[in-house]
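Order of listing sets the numbers, starting from 1, for every ligand and every atom in it.
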Amino acid sequence: MLDRTDVRIFWQSLRAWGPREAVIDFTHYYRAKRHERADRFDERFGTETSRMVGIGSLDGLGANGADAIHYWPTRECEFTATLDALGDIDHSGFTFVDLGCGKGRVVLLAAAHPFRRAVGVDFSPALVQVAQENVTRYTGPVRARAVEFEACDAAEWVVPDGDLVIYMFNPFGPQVLTRVLANLVSAVRARPRKLYLLYYSPEYPELVLAAGFLSLVEGSGQNWGWAVYTWD
Ligand SMILES: C[S@@+](CC[C@H](N)C(=O)[O-])C[C@H]1O[C@@H](n2cnc3c(N)ncnc32)[C@H](O)[C@@H]1O
């Protein structure tokens with residue numbers, strides 16, 4: 001049976017992207033919802049990350065709300081496979097950032113590794129507040145030296161210094177993605193360092209390559225594919 005959130009998400013997709021995209025999107029959404037029930041992430045870790053939120057239900061997003069994807073989380077098994085693709089890196093030298101972090105699940109999972117910092121960025125203040133509450137409730141392992149969330153549009157986000165692992169679960173469309181990639185490129189040009197980009201459900205891989213990133217490895221995933229890029 002469909003609930004009110006399901007119907008709202010379908011209507012929001014229909015208004016934003018038209019009937020064909022709305023049906024495809026809703027099929028993915030419904031499958032993801034089934035997996036959330038089976039994985040029981042929140043029951044296992046004391047958090048609230050599973051409930052999906054339609055982008056049209058969020059306030060204070062600004063103009064880029066029109067180029068944004070609804071909140072739903074990455075499955076734990078999918079994130080683990082994507083991060084593992086980096087191989088044997090020294091986590092302590094890197095800051096991990098989830099651009100479009102929503103309720104913070106991926107940041108919490110990344111924090112199981114000894115990253116210098118695990119950071120989540122989302123333009124919805126309401127989702128960032130849930131993410132901050134989730135940090136205090138989370139019962140999983142935390143080895144990162146700091147776990148932080150910022151309420152900020154990814155297109156306006158100031159790229160921090162140091163080596164970076166950037167994660168994105170297809171959070172935004174081509175306009176915002178182009179600006180995010182340009183900001184990353186100018187940051188690494190200004191201060192050369194290691195940069196890995198993990199793109200889960202990569203809808204616009206051509207934009208990443210056009211920005212000058214090199215493709216390292218791709219995987220098919222259980223739900224969606226993923227791609228890992230680097231900057232050289
Ligand atoms: C598909 S969800 C991914 C959530 C999380 N990264 C995960 O994998 O569990 C996409 C998220 O991107 C956020 N988002 C979309 N456009 C954004 C933007 N311009 N700046 C920051 N966050 C954005 C949405 O609010 C939503 O929480």
Under a 4.0 angstrom heavy-atom cut-off, which atoms of ligand 1 come close to [X]?
X    : value
L127 : 25 (O), 27 (O)
V106 : 7 (C), 8 (O), 9 (O)
V176 : 19 (N)
F172 : 16 (N), 17 (C), 18 (C), 19 (N)
G102 : 27 (O)

Nearest-neighbour protein heavy atom for [atom], which is reported as residue plus atom name and distance:
atom                    : result
atom 9 (O) of ligand 1  : T74 N, 3.0 Å
atom 15 (C) of ligand 1 : P171 O, 3.2 Å
atom 19 (N) of ligand 1 : D153 OD1, 3.1 Å
atom 4 (C) of ligand 1  : G100 O, 3.3 Å
atom 20 (N) of ligand 1 : A154 N, 2.8 Å
atom 22 (N) of ligand 1 : F123 N, 3.3 Å
atom 25 (O) of ligand 1 : D122 OD1, 2.9 Å

Say whether [X] and [Y], considering side chains only, have a donor N or O and an acceptor N or O under 3.5 Å apart.
X    : Y    : answer
Y199 : T82  : no
N170 : Y204 : no
N223 : R75  : yes
D90  : S92  : yes
H28  : S201 : no
E36  : T49  : no

**Report entry** F41 six-ring centre to R105 NZ/CZ under 6.0 Å and within 45° of normal
**Finding:** yes
Requested in this report: Examine the proximity of ligand 1 to C152 and report which part, side chain or backbone, both or neither, has a heavy atom under 4.0 Å away.
Outcome: backbone
Query - W157 contact mode with ligand 1 (heavy-atom cut-off under 4.0 Å) - result: neither
Looking at ligand 1, does [X] have a heavy atom less than 4.0 Å from it?
X    : value
G120 : no
C101 : yes
H70  : yes

Query raised in the report: Which atoms form the tightest heavy-atom contact between D25 and W17, and what is the distance?
Result: OD2-CZ3, 3.7 Å
**Report entry** Closest non-hydrogen atom pair, V147 against A111
**Finding:** CG2-CB, 3.9 Å
Query raised in the report: With respect to Y167, which candidate in F94, F115, Y229, F79 satisfies the ring-ring contact (aromatic ring centres under 6.0 Å, His included) definition?
Result: F79
Query raised in the report: Do ligand 1 and D98 have nitrogen or oxygen atoms that lie under 3.5 Å from each other?
Result: yes
Report task. May I ask whether Y200 and M168 are part of the same hydrophobic cluster, defined by side-chain heavy atoms of I, L, V, M, F, W, Y residues being less than 4.5 angstrom apart, directly or through others? Result -> no
